[in-house]
Amino acid sequence: MGLLSRPPTAFEERVYAALREIPRGRVVTYAVLAQHLNCRSAQAVGQALKRNPFAPDVPCHRVIRSDGFLGGYAGKLRGERVERKRNILARESVRFDEDGRLRDEGCLWRWED
DNA sequence: CGCAGATGGCTAG
DNA sequence: CTAGCCATCTGCG
């Protein structure tokens with residue numbers, strides 16, 4: 001029972017639906033995701049992701065920052081959880097530099113809006 | 001380089 | 001309704 005026993009809002013469902021469209025081995029930035037959702041706030045997207053990192057169906061690990069850095073994971077900006085995020089992405093053939101910056105920008109997913 | 005402000009949606013009171 | 005949060009972004013010094 002978690003602290004997250006709250007029904008998802010319409011906005012959150014939009015975020016999750018968009019995340020599912022991202023194929024394995026690709027990543028999106030908070031800004032691009034927000035833009036696809038017709039939302040001008042990348043922070044709102046990040047906040048929605050923070051509240052629901054519980055579902056394996058929702059690949060919240062495929063969302064990074066616009067500058068190519070990993071960003072946060074499971075509520076943390078740095079530390080072991082972010083390392084886990086990098087590990088998961090590495091498993092999907094998405095490699096990062098030592099600093100934590102995305103190597104191949106070709107992994108960035110784009111929508112056809 | 002670092003920091004403050006903008007930004008939009010969500011939660012708590 | 002208001003005020004404050006956010007896993008960001010941009011611009012300014």
How many Å lie between [atom1] on [X] and [atom2] on [N], as a whole number?
X	N	atom1	atom2	result
Leu37(A)	dT8(C)	CG	C1'	14 Å
Gln35(A)	dC9(C)	CD	P	12 Å
Leu33(A)	dC9(C)	CG	C1'	15 Å
Glu83(A)	dA7(C)	CD	P	18 Å
Tyr30(A)	dC10(B)	OH	C1'	17 Å
Leu70(A)	dT8(C)	CG	P	12 Å
Asp67(A)	dG11(C)	CG	C1'	15 Å
Gln43(A)	dT7(B)	CD	P	10 Å

Worksheet entry | Residues Glu92(A), Arg26(A); criterion salt bridge (charged side-chain N to carboxylate O under 4.0 Å, His left out); working and verdict | CA-CA 8 Å; Glu92(A) 300 189 357; Arg26(A) 304 276 176 171; over 6 Å; no
Worksheet item: Is Gly71(A) touching bases, backbone alone, or none of the nucleic acid, heavy atoms closer than 4.0 Å?
Response: nothing
Worksheet item: Which is true for Leu77(A) with a 4.0 Å heavy-atom rule: it touches a base, it touches only sugar-phosphate, or it touches nothing?
Response: sugar-phosphate
Response to the item:
Here the residues of residues 8-24 of chain A within 4.0 Å heavy-atom distance, strictly under, of DNA chain B are Thr9(A), Phe11(A)
Discussion item. Using Watson-Crick or G-U wobble geometry with both distances under 3.5 Å, which nucleotide pairs with dC1(B)?
Written reply: dG13(C)
Please answer whether the main-chain N or O of [Y] pairs with a side-chain N or O of [X] as donor and acceptor at a distance below 3.5 Å.
X	Y	value
Glu21(A)	Ala18(A)	no
Lys85(A)	Ala74(A)	no
Asp99(A)	Arg101(A)	no

Item to complete: Go through Leu102(A) and Phe69(A) one step at a time and tell me if the side chain to side chain contact (heavy atoms under 4.5 Å, CB included) criterion holds.
Response: CA-CA 6 Å; Leu102(A) 181 67; Phe69(A) 284 85; over 6 Å; no
Worksheet item: Any donor-acceptor pair under 3.5 Å joining the side chain of Gln47(A) to the base of dG9(B)?
Response: yes
Discussion item. Using every non-hydrogen atom in the two residues, find where Val58(A) and Tyr16(A) come nearest and quote the distance to one decimal.
Written reply: CG1-CD2, 3.6 Å
Discussion item. Does dT7(B) have its OP1 or OP2 closer than 4.0 Å to a side-chain nitrogen or oxygen of Arg40(A)?
Written reply: no
Worksheet item: What nucleotide, of dC6(C), dT11(B), dG8(B), holds the atom closest to the side chain of Arg51(A)?
Response: dT11(B)
Discussion item. Counting neighbours of CG on Asp97(A) that are heavy atoms of other residues, nucleotides or ligands and sit closer than 6.0 Å, is the number greater than 12?
Written reply: yes
